[in-house]
Amino acid sequence: MDPSIAPASRAAVVTPNDSAIVGARALYIGTAGDVAIAPRRDMDPVIFKSVPAGTILPVHAAIVALTGTTASNIIALF
């Protein structure tokens, strides 16, 4: 199977941080809120507004920024 579309095989709790590299293929959002994601470390974060609890965001997230993130219980999927 193409690794770019294969299901996640690892997961880790994310603590939003403006500079820490996460490198996730997707994010599970446990508690609703805004999620600020930088797809690459050299890009400014984009804020996904009002993400519902239980959502899986299928986006590459190099950084899950503290600034702009109000959602919690975020899990990185690799």
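- A distance-only check finds no donor-acceptor pair linking the side chain of His60 to the backbone of Gly23 [under 3.5 Å].
- For the pair Ile75 and Val13, the minimum side-chain heavy-atom distance is below 4.5 Å.
- Between Arg40 atom CZ and Ile63 atom CD1 the span is 11.5 Å, to the nearest 0.5 Å.
- The distance from the CG atom of Leu57 to the CG atom of Leu77 is 10.0 Å, given to the nearest 0.5 Å.
- Within a 6.0 Å radius of CG in Asp44, other residues, nucleotides and ligands contribute 12 heavy atoms or fewer.
- Tested against Leu66, the residues Ser19, Pro45, Pro16 include a single side-chain contact (heavy atoms from CB on, under 4.5 Å) partner, Pro16.
- What you find for Leu27 and Ala76 is that their closest heavy atoms are CD2-CA, 3.9 Å.
- Side-chain contact between Val35 and Ile29 is present, with heavy atoms from C-beta onward closer than 4.5 Å.
- Relative to the six-membered ring of Phe78, Arg10 meets both conditions, a distance below 6.0 Å and an angle of at most 45° to the axis.
- Residue Ile37 forms a side-chain contact (heavy atoms from CB on, under 4.5 Å) with just one option from Ile47, Val59, Val46, and that option is Val59.
- The shortest side-chain heavy-atom distance between Ile74 and Val64 falls under the 4.5 Å cut-off.
- Proximity of a side-chain donor or acceptor of Asp18 to a complementary backbone N or O of Ala65 within less than 3.5 Å is not detected.
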